[in-house]
Structures are given as structure tokens and as C-alpha cells.
Amino acid sequence: MTRLVVFDVDSTLLALESLDFAVELALKDAGDGDERARELADITARGMAGELDFRRSLEARIALARLTREQVNAASKALRGQATPGIEDLLEKLRARGRDVYAVSGGFSDLVEPALMDLGFSPGEIRANRFVYEDDVVTGFDTANPLSRNGGKAHVVSTLKTLTGREVAIMVGDGITDYEAFANGAADAFIGFGGVVVRDAVKSRAPVFADTVTELSRQLLG
């Protein structure tokens, strides 16, 4: 049976939340940096737990961040090397077995693409949101992108399944938006991942849950 494996990025392929990381990096010398970083982390957690509409979460996080293009570029470089320990080996083994492997993120390609390419993903194997800039300041995101709303990952996984012609799509991730891809019928299976952070709303719903990359590897490789 041919398989497509779709990985979430933040707190799954990468051992952190990329937008939160970018903001913390940008605000480390700002007077209100710690307060804004804490507020951002709270919004992220609520969004990943399904307590806040995902698009509203993105809008609030962008408004709070007020990132510049220079800060985005600096963060994208700093994110390289932030892969979840053990995940690169798992990806290599999946590819060696002929699996199609994609990265699908509610985060932003402007931040995560270099790190994902280090993990062997080509640009065509990455789906993510994109920032909108005005005068080199991030003012929003492309709202036409399905990944900017709840249910968007289901749409993307369904499209990827058609594109690759794979019989089975497996979604792997830590957030409620990852679970939605399975609950909405696009992914045939879902593995909740808690190797970076455990979201109780996901763990309680996931038919399979992996607390470590070792367990995730066992589930995916047999």
C-alpha cells in the first residue's frame, strides 16, 4: 500500500514554535519584549488547543509581533539546526522506503523554509503561510492560503493525496489543526506527537499518540 506522510512543522519537525521564536529573538532587547513574548506564547497555545479560531490566532500573533523583514531573515537563519532530535533520521528512513514526505505548516515559509530544506524537503514539498509586507514590516498574511484558517490542513492534505496518487495519507502533528486533517476525512490516519509539547486536547482525541521520536518511528516504520 502506497503512503503519503504529512508532517506538521512547529513543535513536530522543529523543536519549537517558529513565530514565537522569531518574536523572542527580535524582542530580546526591547523593554516590553518578555511581556509580549509571554502573551504570544499564550495565544499560540490557545490556538493549538483549539480554544481560539486559528485565523484569529494568526492575526493576533502578527499584530503583537510587528516583525521587520530583517528580523524575519535573521530568525530564519537562526531556526536552522532547531530540528527535533531524531527527526532527520526518521525522514531519511521514510524516503528510503519510498514514502512521499511533505511538510505542512500553519506557520510561515519565510521563517521555516531554510530549516526544512536542511531536513531534505524541496520547496515543492513544503506548504505554509506567507507574510504580507508593507515597507519591510510584516502587516499580515495571505488570507487566500487555506492554511491560514481552521480546516486548511485538511484541504491541503486532500490536494497532496491527489497530487501524489498515494492510497493512504498519514498526518503527524502536535496541534488541533493537525488532528482536523484526520477528523475531516482528508488524512486516513493521524498520529499525535508529544515529543516537544503535549497538547491535552490532541492527546485525548488522537487514535495514536507518540510521546517520543522513537515511538513515532515505530508507528511509521513498523
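Residue indices begin at 1 and follow the sequence shown.
We find the OG-CG distance between Ser217 and Asp89 to be 7.0 Å, quoted to the nearest 0.5 Å. How far CZ of Arg80 is from CE of Met117: 8.5 Å, rounded to the nearest 0.5 Å. Going from atom CD of Glu88 over to atom CG of Leu90 covers 11.0 Å, rounded to the nearest 0.5 Å. A distance of 8.0 Å separates CD1 in Ile43 from CZ in Arg61, rounded to the nearest 0.5 Å. The CG atom of Leu16 lies 9.0 Å from the CD atom of Glu24; values are rounded to the nearest 0.5 Å.
When atom types are taken as modelled, the side chain of Thr212 and the backbone of Gly195 share no donor-acceptor pair closer than 3.5 angstrom. At distances below 3.5 Å, at least one donor-acceptor pair connects side-chain atoms of Arg127 with backbone N or O atoms of Gly124. Here the side chain of Asp188 pairs a donor or acceptor atom with the backbone of Ala169 at under 3.5 angstrom. Although no hydrogens or angles enter the test, the distance criterion places no donor-acceptor pair under 3.5 Å between the side chain of Gln82 and the main chain of Leu14. When atom types are taken as modelled, the side chain of Asp178 and the backbone of Gly175 share a donor-acceptor pair closer than 3.5 angstrom. Here the side chain of Asn129 pairs a donor or acceptor atom with the backbone of Ser148 at under 3.5 angstrom. Panel note: side chain Ser158, backbone His155; no donor-acceptor pair is recorded below 3.5 Å. Arg205 contributes a side-chain N or O that, together with a main-chain N or O of Ala201, makes up a donor-acceptor pair within less than 3.5 Å. A donor-acceptor pair under 3.5 Å is formed between the side chain of Glu125 and the backbone N or O of Ser122. Side chain of Asn145 to main chain of Ala128: a donor-acceptor pair is present (N/O by atom type, distance under 3.5 Å, no hydrogens or angles).
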> When you look at Tyr102 and Thr164, which way does the side-chain contact (heavy atoms from CB on, under 4.5 Å) test go after all the steps?
Replying inline: CA-CA 11 Å; Tyr102 280 76; Thr164 61; 3.8 Å; yes
> Stepwise, does the side-chain contact (heavy atoms from CB on, under 4.5 Å) test hold for Val202 with Phe190?
Replying inline: CA-CA 10 Å; Val202 175; Phe190 172 68; 3.9 Å; yes
>> Checking Val9 against Phe121 for the side-chain contact (heavy atoms from CB on, under 4.5 Å) test, could you report, in this order, the C-alpha distance in whole Å, the side-chain angles of both residues, the deciding distance, and whether it holds?
In response: CA-CA 12 Å; Val9 177; Phe121 291 94; over 6 Å; no
> Given the rule in the side-chain contact (heavy atoms from CB on, under 4.5 Å) test, do Val168 and Leu4 qualify, once you have shown the distances and angles that lead to the verdict?
Replying inline: CA-CA 6 Å; Val168 172; Leu4 162 69; over 6 Å; no
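Tested against Leu216, the residues Val208, Asp211, Leu221, Ile87 include a single side chain to side chain contact (heavy atoms under 4.5 Å, CB included) partner, Ile87.
With contacts defined as side-chain heavy-atom distances shorter than 4.5 Å, the pair Val213/Thr84 qualifies. Side-chain contact between Gln71 and Leu67 is present, with at least one heavy-atom pair separated by less than 4.5 Å. Taking the side chain as every heavy atom from C-beta outward, Phe182 and Val157 never approach each other to under 4.5 Å. Side-chain contact check for Leu94 versus Leu220: some heavy-atom pair is nearer than 4.5 Å. By the 4.5 Å heavy-atom criterion applied to side chains, Thr159 and Val156 are not counted as neighbours. Side-chain contact between Glu59 and Phe141 is present, with at least one heavy-atom pair separated by less than 4.5 Å. Under the 4.5 Å side-chain criterion, counting only non-hydrogen atoms from C-beta, Pro114 is not in contact with Asp118. Arg66 has its side chain out of reach of Val137: every pair of non-hydrogen atoms, C-beta onward, lies at least 4.5 Å apart.
A cation-pi arrangement is present between Arg69 and Tyr133, with the terminal nitrogen or guanidinium carbon under 6.0 Å from the aromatic centre and inside a 45° cone about the axis.
Environment of CZ in Arg95: crowded, with over 12 heavy atoms of neighbouring residues, nucleotides or ligands closer than 6.0 Å. In the displayed structure, Glu92 atom CD is contacted under 6.0 Å by more than 12 heavy atoms of other residues, nucleotides or ligands.
Between Phe54 and Asn150, the shortest heavy-atom contact is N-OD1, 2.7 Å. Shortest non-hydrogen contact noted between Leu79 and Ala115 is O-CB, 3.7 Å. Scanning both residues, Leu19 and Leu111, for their nearest heavy atoms gives CA-CD1, 4.0 Å. Scanning both residues, Asp10 and Gly107, for their nearest heavy atoms gives OD2-CA, 4.2 Å. The minimum heavy-atom distance linking Leu116 with Ala103 is given by the pair CD1-CB, 3.9 Å. Between Lys153 and Asp8 the shortest heavy-atom distance is NZ-OD1, 2.9 Å.
Thr68 and Asp136 share no donor-acceptor pair across their side chains, judged by distance under 3.5 Å alone. Using modelled atom types, one finds a donor on one side chain and an acceptor on the other under 3.5 Å when comparing Ser11 with Glu17.
No continuous path of hydrophobic side-chain contacts links Val104 to Val101 [ILVMFWY only; heavy atoms under 4.5 Å]. Side-chain heavy atoms closer than 4.5 Å link hydrophobic residues (I, L, V, M, F, W, Y) into clusters, and following such links, even through other members, never connects Val6 to Leu119. At a threshold of 4.5 Å between side-chain heavy atoms, the hydrophobic network of Ile, Leu, Val, Met, Phe, Trp and Tyr places Val172 and Ile126 in one connected group. If you chain together hydrophobic residues whose side chains sit under 4.5 Å apart, Phe7 and Val197 never meet in one group. Under a hydrophobic clustering in which Ile, Leu, Val, Met, Phe, Trp and Tyr are joined whenever their side-chain heavy atoms come within less than 4.5 Å, directly or via other members, Ile191 and Ile176 fall into different clusters.
Asp142 and Arg130 are not joined by a salt bridge, as no carboxylate oxygen comes within less than 4.0 angstrom of a charged side-chain nitrogen. For the pair Arg38 and Asp20, the salt-bridge criterion is not met [side-chain N within less than 4.0 Å of a carboxylate O]. A salt bridge does not link Arg56 with Glu51: every distance from a Lys NZ or Arg NE/NH1/NH2 to an Asp or Glu carboxylate oxygen is 4.0 Å or more. Look at Asp100 and Arg3 and you find no salt bridge, because none of the NZ, NE, NH1 or NH2 atoms lies under 4.0 Å from a carboxylate O.
Checked against the 6.0 Å centroid threshold, Phe131 and Phe108 count as a close aromatic pair.
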